[in-house]
Amino acid sequence: MVGAPLPVPPAFPAPPVPAVPFPRRPLGPGGTRERLRWWYESVLGWPTAPGAEVRLRTGVRFDVLEVPVEAGRAALERLGRPRTAAHGFPVAVRGERMLLLVAAGSAEELPGLLEWLEWGSLPLGLTAVGTGGLMDAPRSRGPGSTGPPPHTPEGCGRGAAVWLRPPEPGREVEASLPALSAVGGTGTAPDLARLVHTLATQCQRVRLAPPFRPPRPRRTAR
């Protein structure tokens, strides 16, 4: 019939919108490492070394002093707590070793400084990593940290380094690092000589301390 309205096609329901988003590929170890590398290079400006594992180049922006964890914790207590963890000079822990960041060039000064402080002849377990060395890039302890991506089972293995005091983005790291007074001590961190003397003292105490032996349970009379 002329002028008859065209038939309306039947309405088909629209495809349902999934309530749960489609699964995304989880961020694997490579992604975590890439985020970690980006954080150090782009946020802090610290150079890293190429390779599967993220490692920081020492001797450029900082050197590292390494001591047993027990000695390092005692030394930090002796030196006094900063207002917050971020306001102290950066400190990391890797297994049974504590890593303390100090001014670049300090590693070369350490042997002479230990001799001057009369600690040079003792096996203290106090070592330094400087120019040409590498340091495993620490992760943060958890998502609430202001530091790099958190320490996760996917991102690093057992014994990997984690920050005890993460570096603070937005300021030059050199301003917070212990250094010799003659080369730029700022008063915001302990002088390098004071730090080394405190670390050496605590290393010696740990070295001479008797090994811990748990007490034996007492036998009760029957």
Side-chain angles (χ1 to χ4, degrees), residues 29 32-33 35-37 39-40 43-44 46 48-49 51 53-104 106-107 110 123-130 133-169 173-174 176-178 188-190 192 194-207 209 211-212:
T32 302
R33 293 190 182 99
R35 283 195 301 155
L36 187 68
R37 189 182 301 277
W39 192 86
Y40 281 108
V43 177
L44 292 183
W46 292 4
T48 65
E53 298 296 332
V54 184
R55 295 184 176 181
L56 306 174
R57 295 187 183 274
T58 58
V60 181
R61 300 289 300 276
F62 59 86
D63 286 354
V64 179
L65 298 182
E66 290 195 19
V67 295
V69 167
E70 184 179 351
R73 291 188 184 276
L76 293 180
E77 290 289 339
R78 291 279 182 176
L79 294 169
R81 292 180 176 273
R83 289 185 290 114
T84 65
H87 284 84
F89 61 95
V91 178
V93 175
R94 186 189 66 237
E96 297 300 319
R97 301 285 287 177
M98 181 175 286
L99 316 176
L100 302 97
L101 271 60
V102 293
S106 298
L110 181 63
L124 300 171
L126 169 57
T127 59
V129 185
L134 297 174
M135 168 187 174
D136 292 344
R139 282 121 168 119
S140 64
R141 288 189 176 274
S145 172
T146 59
H151 175 81
T152 60
E154 295 81 8
C156 51
R158 181 179 299 178
V162 293
W163 284 115
L164 182 63
R165 291 181 187 169
E168 184 179 359
V173 66
E174 288 85 353
S176 68
L177 298 183
T188 59
L192 182 63
R194 179 188 174 201
L195 174 62
V196 169
H197 178 67
T198 306
L199 290 172
T201 301
Q202 299 306 321
C203 286
Q204 177 72 347
R205 288 180 177 177
V206 170
R207 190 175 73 90
F212 173 75

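The chain is numbered in sequence order, starting from 1. For the numbers below, each heavy atom of this structure counts, side chains included, while hydrogens, waters and symmetry mates do not.
Once rounded to the nearest 0.5 Å, the distance linking CD of Glu70 with CD of Gln202 reads 9.0 Å. Atom-to-atom distance recorded for Leu101:CG and Arg61:CZ is 11.0 Å, nearest 0.5 angstrom. Interatomic distance, CG of Leu199 versus CG of Leu79, reported as 7.0 Å (0.5 Å rounding).
Arg55 contributes no side-chain N or O that, together with a main-chain N or O of Ala49, makes up a donor-acceptor pair within less than 3.5 Å. Judged by distance alone, the side chain of Arg205 and the main-chain N or O of Ala74 form no donor-acceptor pair under 3.5 Å. Remark: the backbone N or O of Phe89 is not paired with any side-chain donor or acceptor of Ser176 at under 3.5 angstrom. Counting only distance, with no hydrogens or angles, the side chain of Asp136 and the backbone of Ala161 share no donor-acceptor pair below 3.5 Å. Looking at Thr58, its side chain does come within 3.5 Å of a backbone N or O of Gly133 through a donor-acceptor pair.
A tilted orientation is assigned to the rings of Trp163 and Tyr40, their planes being inclined by 30° to 60°.
Annotation for Glu66: atom CD counts as buried by contact number, over 12 foreign heavy atoms lying within 6.0 Å. The number of heavy atoms from other shown groups lying within 6.0 Å of CZ (Arg78) does not exceed 12.
The side-chain heavy atoms of Pro68 and Met98, taken from C-beta on, include no pair separated by under 4.5 Å. Within the 4.5 Å cutoff, the side chain of Pro167 has heavy atoms near those of the Trp46 side chain. Counting heavy atoms from C-beta on, the side chains of Pro138 and Val93 never come closer than 4.5 Å. Counting only heavy atoms from C-beta outward, the side chains of Val64 and Ser106 never approach each other to under 4.5 Å. Residues Leu195 and Leu65 form a side-chain contact, since some pair of their non-hydrogen atoms from C-beta on lies under 4.5 Å apart. Arg165 has its side chain within reach of Leu76: a pair of non-hydrogen atoms, C-beta onward, lies under 4.5 Å apart. The shortest distance between side-chain heavy atoms of Met135 and Val129 does not fall below 4.5 Å.
Residues Thr48 and Arg37 have side chains that bring a donor and an acceptor to within less than 3.5 angstrom of each other.
Residues Leu124 and Cys203 share a closest heavy-atom pair of O-CB, 3.3 Å. Contact record, Thr127 with Leu110: C-CD2, 4.0 Å, taken as the closest heavy-atom pair. Summarising the geometry of Arg94 relative to Ala160, their closest heavy-atom pair is CG-C, 4.1 Å, with the distance given to 0.1 Å.
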